[in-house]
Amino acid sequence: MTGLIMVKTSEIIQKRKDKFDTLKQSKLQLFPNDFRVSHTVNEIKALVEKSPETLKADSPSFAVAGRMVAINRFGKTVFIRFRDRTGQLQAYIRKDQIGDEAYQLFKQLDVGDFVGLGGEMFQTKTGEWTLFVKELQLLCKTIRPLPEKFHGLKDPEKRYRQRYLDLIMNADARKLFVQRSRIIQEIRNFFLQHDFLEVETPMMQPIPGGAEAEPFITHHNALGMDLYLRIAPELYLKRLVVGGFERVFEINRSFRNEGISTQHNPEFTMLEFYQAYATFTDLMDLTEQLFSTVSLAVTGSTNISYQDDTIDLAGPWRRITLQKALVDIGGIDAALLKDKDALLNFAAQSGIQMTKTGRLGKVITKLFDAVVEPKLIQPTYITGYPVEVSPLSRRSDHEPEITDRFELFIGGREIANGFSELNDPVDQRERFSQQVESRTAGDQNAHLMDHDYIEALEYGMPPTAGEGIGIDRLVMLLTDADSIREVILFPHMKPRD
RNA sequence: GGGCCGUUAACUCAGUCGGUAGAGUAUCUGCCUUUUAAGCAGAGAGUCGCUGGUUCGAGCCCAGCACGGCCCA
C-alpha cells in the first residue's frame, strides 16, 4: 500500500459504483455509441410552436438524446427532464409502453445519466408538450451524483475548479459563456467587414515586448535558450504592417506573471488591431462603432446595466486629456501637475500610496489610477499621455512631450489602449534606450531593447494606428460580471494539496 | 504582501453557554399510470479543511498552516 492514498468513498458514491458493477455484469452496454439522433430539443420545440395540429394528427417519431436532469418516479410511470445542447424537454415513460425489461433497466438509472429516447410528442393535462417514450436506451452511466437541483452549485471554488458542474447546474453560467463566444464572433465579423486580416503571431518570443509587464519564462531544449510567453503581440503585428498587411488583427491570449485578482488572470484574452493610414482619433471613432455594434448584437441594446450603473455605449464618448481629468475629475490643483515633489506630497496627504517613484509622467499616471479611474463609469477617452510612459507611441506634432495616444475607461476600469504608432526608427531606438535605463534603475517592467523590431522599422512602416482591447473585461461589462473568473471558463487556481 | 470573512453529509445550509452532530434536497426500501422542487411511510449516510494547544471534555476557545471569497497594496 505504500504510496497509495486511501480515499474514503462516500456512501452515496459507493452505492452508485455497486450499481455500475451490477449493470456491467448484466452485459448491459453502459457506454454504447450507436444511437442516432434525429432532432434536437429545440427542433422539436420549434415544430410544437409551428404546427401543433400536425403533431397531434400525424404523431411523427423523434429520436433525441441528452442528460437526465430530473426524474419523477411513480409506480409504473416516470416523468423525466433531459437536456441537450439546445434546451430541456420533458419525457413520459410508461411500463406498458416500453416493456418490463426496459422498465426494470430504467429503474436502475440516475439523474445525470445520458439517455437516447424515441417517441412521439403529446400534451399532458397541464398542456406541457412532452415526449411519449416508445424506446429508451442508456447512453452513458454516471458514478458521481450531480449537486442538488434546487439550490444548484454555489460554492465559487467548486464552480471554478469543476466548471463542468457549474455548466450542468447553472443556466446563468451556460448563458454567460455562450455570450462570450458570441461577443468574440461579433468582434471578428466587425473587423473582417472592415477589411482587416486575421493573423496569428508567436506566443513564445525571444524578447517579450509591447507592454510593461513581467513575462513567464520557458525553455527551448533543442535551441538551448529561454523563451518568453508573450505579454502582448504588438511588435509582431507591426512587423506585419511593415510587410504590407495594412490592416491586421489578432484575438490573442497573452500572459503576464503578476498577481491574481478579480481583474487579473495570468493568461487573458486581448484584441489587438493595426490600421495603416489611420490615426489614433480614427481608432477612437472605430472603437465607438465596434462597442455599439457588439453590444447591440449580443445584448440587444447599447444601454447596458453594469453592477449598480447604467452605461451608455452609444458614441460619441467623452474625450478629455489626462491633465484636465486630474484637475476636473480628480480635484488636483493644476499648479501641482508640473512638479513631481508637489504631487508626491499631495499623494502622501491624501493617503495614496505611491510605490514606484519614477519620473513625473509615472507619478501622474499612478495618481490618475487612484483618483480618476474609479470615477470613469461612462465611456471616456483619456488622451495626452506623456512620452515617457508611452515608449511605442508617436509624439504629438503640437506638443512633443506628449503622444498621440488614448486609453478607454468604462465602468471605472481600463478597457482599451490605442495610439498612432511610432514609426521613426531613430526615435524608437532612443525610447528603447530610455526604457533600458529605467530598467537598470530598478523598473522591472520597462521595455527591453529590440534591435530586430527597430530593423523592421528601418525598412519603413507606413503611418499607422493600433489598439489593444481587453476582451475579458469587455465580456465582464456586457455580461454584468463582477469578477474576471466569472468570464474565463477555467480561471487559474492554486492546486489543492 | 496586509485586513476581514468562509471551509460541517453528495449539494445548500443550521449548530445556543464548550457537554456524544442537525435540517432540506439527494441516496436506499416500500406504496403510487399525467408529475412540475410530485406525494406518503421508513432507513442509512460525517476525519466538522489540516496540524498542534487549552480543557475532565472542542464543530465551538487559542496558535499555525492550506484552499477559497471580498477589500486594500
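Keep in mind that what you see is a predicted model, and the values were worked out from it rather than measured.
- There is no side-chain donor-acceptor pair under 3.5 Å between A:R85 and A:N42.
- If A:I260 and A:P145 are placed on RNA chain B by their nearest nucleotide, the residue sitting closer to the 5' end is A:P145.
- OP1 and OP2 of B:U35 both lie 4.0 Å or more from every side-chain N or O belonging to A:N72.
- Here the C1' atom of nucleotide B:G44 and the CD atom of A:E11 are 5 Å apart, to the nearest Å.
- Annotated stems with RNA chain B as a participant read B:1-7 with B:66-72, B:10-13 with B:22-25, B:27-31 with B:39-43, B:49-53 with B:61-65, given as range with range, by first number; only runs of 3 or more Watson-Crick or G-U pairs under 3.5 Å qualify.
- Contact annotation: A:K19 reaches the phosphate of B:C28 (side-chain N/O to OP1 or OP2, under 4.0 Å).
- Phosphate proximity of B:A38 to A:K149: present, with a side-chain N or O under 4.0 Å from OP1 or OP2.
- Residue ring and nucleobase are stacked for A:F79 and B:U35, with a centre distance beneath 5.5 angstrom and an angle between planes beneath 30°.
- Using a 4.0 Å heavy-atom criterion, one finds that A:F122 contacts the bases of the nucleic acid, with or without backbone contacts as well.
- Checking A:Q14 against A:D18 by side-chain atom types alone, a donor-acceptor pair falls below 3.5 Å.
- For the pair A:Q29 and A:L138, the minimum side-chain heavy-atom distance is 4.5 Å or more.
- Side-chain atoms of A:N417 and A:E467 include no donor-acceptor pair closer than 3.5 Å.
- Put simply, A:R161 has no side-chain N or O that comes within less than 4.0 Å of OP1 or OP2 on B:C67.
- The distance from atom CD1 of A:I93 to atom P of B:U33 is 15 Å, rounded to the nearest whole Å.
- Checking A:K56 against A:Q123 by side-chain atom types alone, a donor-acceptor pair falls below 3.5 Å.
- Dashed line: the shortest gap from a side-chain N or O of A:K494 to OP1 or OP2 of B:C67 is under 4.0 Å.
- Of the listed residues (A:R230, A:R253, A:R256), just one forms a salt bridge (charged side-chain N to carboxylate O under 4.0 Å, His left out) with A:E267, and that residue is A:R253.
- The phosphate of B:A38 has neither OP1 nor OP2 within less than 4.0 Å of any side-chain N or O from A:R73.
- A sub-4.0 Å separation between OP1 or OP2 of B:U35 and a side-chain N or O of A:K125 is present.
- Contacts of A:G259 with the nucleic acid, taken as non-hydrogen atoms under 4.0 Å apart, are absent.
- Looking at heavy-atom distances under 4.0 Å, A:R159 makes no contact with the nucleic acid at all.
- Counting any heavy atom pair closer than 4.0 Å across all strands shown, A:K158 reaches sugar-phosphate atoms only and no base atom.
- The stretch residues 82-119 of chain A participates, sequence neighbours left out, in these ring pair (Phe, Tyr, Trp, His ring centres under 6.0 Å) pairs: A:F79-A:Y92, A:Y92-A:F122, A:Y92-A:F132.
- The residue among A:D110 and A:T77 whose nearest nucleotide of RNA chain B is located toward the 5' end is A:D110.
- Nucleic acid contact for A:D155: sugar-phosphate only, since backbone atoms but no base atoms lie under 4.0 Å from a heavy atom of the residue.
- Counting to the nearest Å, the C1' atom of B:A43 and the CD1 atom of A:I12 are 14 Å from each other.
- Looking at heavy-atom distances under 4.0 Å, A:M169 makes no contact with the nucleic acid at all.
- Other residues, nucleotides and ligands contribute over 12 non-hydrogen atoms within 6.0 Å of the CD atom of A:Q104.
- Here A:T126 lies in heavy-atom contact (under 4.0 Å) with a base.
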